[in-house]
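Within every chain, numbering begins at 1; the chains are lettered A, B, ... in the order of the sequence lines, protein sequences first and strands thereafter.
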2 protein chains.
Amino acid sequence: MNGAAPPPRSEPELEARAAGIAGMTLAELARQLGRTLPRDTRSGKGFAGQLVESALGASAGSLPEPDFQHIGVELKTLPVSANGRPLESTYVCTVPLEAQASPLWRDSAVRRKLARVLWLPVEAARELPLARRRIGSAILWSPDAAQEARLRADWEELMDLIALGQVAQITAHQGSCLQVRPKAADASARRWGVDERGVRVRTLPRGFYLRSSFTAAILARRYAGIPR
Amino acid sequence: MNGAAPPPRSEPELEARAAGIAGMTLAELARQLGRTLPRDTRSGKGFAGQLVESALGASAGSLPEPDFQHIGVELKTLPVSANGRPLESTYVCTVPLEAQASPLWRDSAVRRKLARVLWLPVEAARELPLARRRIGSAILWSPDAAQEARLRADWEELMDLIALGQVAQITAHQGSCLQVRPKAADASARRWGVDERGVRVRTLPRGFYLRSSFTAAILARRYAGIPR
DNA sequence: CGGGATCCAAGTGTGGATCCAC
DNA sequence: GTGGATCCACACTTGGATCCCG
């Protein structure tokens, strides 16, 4: 196997490929794919995610489509500690800052993105160099009724504020499982939004993120499976 | 003088700068600005335009704003033969392919772009190497009533077809002074548009262009002034 | 600990236009 | 001659996320 894989044609095929890379280190996988490792994790924040995209046949760098568009599955790597506990929140998608009337959960990007996800744990303890980090066992997941209800409640609360032009008042404290945080090159970045009076204004771009307590619960149901 | 100039603060200041570079070759101007010439004109299609932007203090590579936004003036280089006759049509702006109801000329990008233009003739005969091409004398222009009427008539005819989803039927034969032609990296490029039934479809991106007979008339009123 | 700040790659779109086969 | 095709640069956006100070 060398170079990027073609798109998988079914969920079982995708799961089989994920099983095939479980236990490998990022260095091993990078060598197989002919990719070089970034010098450090600061300058290579997205490296692990892009590496497994190539390995599993995701249409790399594509647009609002799911990673595996034929089969409607989104791929998310999950940085975990040695104990298999998520170390970071998970980015979902950008926040639509120009929303005016309160939109419907049914039509939301958050619901579409999270409808079907292949979670792939990857070791990410700060002291462990990129090269030695190992890939865990994947979990193919859809939200159950309780999870979807919590996601929806958080999303509706947050989107109501945005539709009212209150985005500047939102902090990452809000939302029990889904939060809104900055998503930008730096704090000076600006995107078009709407203020309290409906006037178009420049504002900091933001994204929806899943709290790590939420992804921890997903992993807890099925052992993350980092080989020892 | 070295590096790009700051924005001019008035039309007379802009005209004075243009007079200052009239008669210079592209090689001379490039050396003053510390820029290197492209190998050939095929790979350097936009070079002359970008060079004079720097020389005159246009906010290079900026967005839908006029080149000189403070004073509301657009800069257009005009490739001319040894006789001062325009050799090419002039690109104005992209065609809004998603327009539904027929929009108003008053609000159009074409009218805004052409409201005030500094035309700068530049020698461009095919046999003349980039380095030896000379810059002519600038003309600061606004459309007179007759010119605006022709532009408006062409624009309204073309935009009506686009609003009806007939963009695929438009050819460069239409329009007495303003035409629609492809504006893309190649013929496979696609942008969102609307078909006859109002359905969103992928279509070839297009731009508005001024026929060279139109720009020739502008130059004819005031001698292009390539020094001999 | 975690909320706010930041980092990289690649795709897309726009602005500058001229090329070239028919 | 000119209508359809193409070329370059670079700003902007999105998708991949983790960093790091209070």
Rounding to a whole Å, what distance do you find between [X]:[atom1] and [N]:[atom2]?
| X | N | atom1 | atom2 | value |
| --- | --- | --- | --- | --- |
| R39(B) | dC7(D) | CZ | P | 13 Å |
| E53(A) | dA9(C) | CD | P | 14 Å |
| K113(A) | dG16(D) | NZ | C1' | 10 Å |

Let's see if you get this right: which residues in [range] place a heavy atom under 4.0 Å from DNA chain D?
| range | value |
| --- | --- |
| residues 91-100 of chain A | Y91(A) |
| residues 173-192 of chain A | R181(A), K183(A), R191(A) |
| residues 209-218 of chain A | Y209(A) |

request  = Just jot down the side chain to side chain contact (heavy atoms under 4.5 Å, CB included) partners of S176(A), sequence neighbours excluded, or say none.
outcome  =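 With neighbours one apart ignored, the set is R150(A), D154(A).
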task = Would you mind classifying the nucleic acid contact of P79(B) as base, sugar-phosphate or nothing, using non-hydrogen atoms under 4.0 angstrom?
result =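 Sugar-phosphate contact only - P79(B) comes under 4.0 Å of backbone atoms but never of a base.
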query = What pairs meet the side-chain hydrogen bond (donor to acceptor under 3.5 Å, both in side chains) rule with one or both residues in residues 84-94 of chain B, with sequence neighbours excluded?
reply =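 Listed by first then second residue: S89(B)-R181(B).
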Euclidean distance, Q174(B) CD relative to L158(B) CG, rounded to 0.5 Å =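 One gets 6.0 Å once the value is rounded to the nearest 0.5 Å.
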Name the pairs: protein N/O against N/O of nucleotides 20-22 of chain C, kept only if under 3.5 Å.
unit_1	atom_1	unit_2	atom_2	d
dC20(C)	OP1	R42(B)	NE	3.0

key: Which residue lies more 5' along DNA chain D, comparing G46(A) with R133(A) via nearest heavy atoms   =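 The residue closer to the strand's 5' end, by nearest nucleotide, is G46(A).
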Enclosure of R39(A) CZ (heavy-atom neighbours >12, cutoff 6.0 Å) =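 Atom CZ in R39(A) is not packed in, count stays at 12 or less.
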